[in-house]
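Quick note on labels: first sequence line is chain A, next is B, and so on, each numbered from 1.
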Amino acid sequence: MELIVDRIGCERGGRRVLDDVSLTLQAGQGIALRGPNGVGKSTLIRALCGLLPVTGRAELDGRKLGSDEWTDLIAYTGHRDAIKSVLTVGENLRFWAALHGGDANAALDRFDLMPIADRPAGLCSAGQKRRLGLARLVLSPRPLWLLDEPTVSLDAEHTRIFGDILSTHLDAGGLAIVATHIDLGLALRPHVLTPPSTAPEDVSDPFLTGDYL
Amino acid sequence: MSPLRALLEREVRLAVRAGGGAGLGLAFFLIVTLLAPLGIGPDQTLLAQVAPGLLWVAALLACLLSLDRLFQADHEDGTLDILALSPLPLEGIVAVKMMAHWVTTGLPLVIAAPVLALTLNMPEAAQPMLILGLAIGTPALSAIGAVGAAITVGLRRGGLLLSLLVLPLYVPTLIFGAQIASRAGDGLEAGASLPFLAGISLLSLSAGPFVAAAALRVNLR
């Protein structure tokens, strides 16, 4: 399985928020996206989820970005954990298990969430919520993991556990693109994003350049 | 458990748990209809005359109350992103959410309506037709409302705009629904109103999921 990203860029409201990114990734490899805040790490990850309009193209195992077949190959976690605070930890994950398939109890166990499975998610700490959000990843074996700052609010011990889980995923032939500022202790290839140019001539929307006057 | 059933169960569970707002529409419906006689006065024939229209307007507004959270809550906590990446088609997800909205908002109104019809001195002959009309018409309210909710999902204070978008679209449902009950009160057949109301419901139920899913796709991007 091979991921080819060919000049993927993104424009919002006539302004470039992501300059063209090209990279390739083989099965078993991971990339750590680096770069200062605002450089477009989250944008690239959301773009690869098909959640943003993009220029350029990307292919994973011959499936094109934007197709349903592509969507079936990716797993995504963002800044928001998609957790309902009135449902318990177990109910939250069992719902995603019903949707994606997979064993919710095994996933809870791997992220050390079994002891709090019956607690309403609203009463959990930020780190526990993050673990619940991450537990969704291991439910169904999707080959490409797109992770946006996965270790935010995790303690050292659980960062290590997550590193192990990510490394197991890669060893099994999975792929991962991780936007992160910390060292996960894995052999992730660093990829530094360049800031999108914000020169006025790059603004293509006539309303933003004043052409309408 | 099938994915769609799991989603339906979850939606209903979220609605009936604390802060879900399932009881809100019903409580609003009760209060508005019980306040009306206080404002209009104790004239029983007048009350019986305005009852169908009053109950239907109250039902519309009660339905509107919980609509703005239909997609907004999922949008805010990131659930909508993950749902969009799930194996389910977005149209199916929207259809299930519509159904859950009706079960937690529309259905309680249908059940409460006979009691409220009594308090408004509605003729006995009109009551079965009122319930029938509400049962046929309230699914349309959820379906049309879901389209409005999908269009306004990313907006701050979208609920206000939602009302402005959706209320005009509720007009045909209101006219035919209220007509069915008031004609029955006058001892007349429902006539063309009933098939028209059923037609509106079928149209909005079949087209609604597609329109709302298209609007959600635009808003997700």
Is it the side chain or the backbone of [X] that comes within 4.5 Å of chain B heavy atoms, both, or neither?
| X | value |
| --- | --- |
| A/Arg136 | side chain |
| A/Trp96 | side chain |
| A/Asp81 | backbone |
| A/Ile83 | backbone |

Of the backbone (N, CA, C, O) and the side chain (C-beta and beyond), which part of [X] lies under 4.5 Å from a heavy atom of chain A, both, or neither?
| X | result |
| --- | --- |
| B/Leu88 | side chain |
| B/Leu80 | neither |
| B/Leu7 | both |

Item to check | Salt bridge B/Glu76-A/Arg80, side-chain N to carboxylate O under 4.0 Å | outcome: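 Salt bridge between B/Glu76 and A/Arg80, a charged N being under 4.0 Å from a carboxylate O: no.
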Next on the checklist: Using a strict threshold of under 4.0 Å (side-chain N to carboxylate O), is an ion pair present between B/Glu11 and A/Lys84?
Outcome noted: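 Looking at A/Lys84 and B/Glu11, the cut-off is not met.
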Checklist entry - Which residue out of A/Ile74, A/Leu99, A/Thr71, A/Asp72 racks up the most heavy-atom pairs below 4.5 Å with chain B? => result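 With the most close heavy-atom pairs to chain B, the winner is A/Leu99.
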Checklist entry - Under 4.5 Å between any side-chain heavy atoms of B/Arg13 and A/Val86, yes or no? => result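 No, too far: nothing below the 4.5 Å cut-off.
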Next on the checklist: If I compare all heavy atoms of A/Arg142 with all of B/Leu85, which pair ends up nearest, and what's the gap?
Outcome noted: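 Looks like NH1-O, 3.2 Å.
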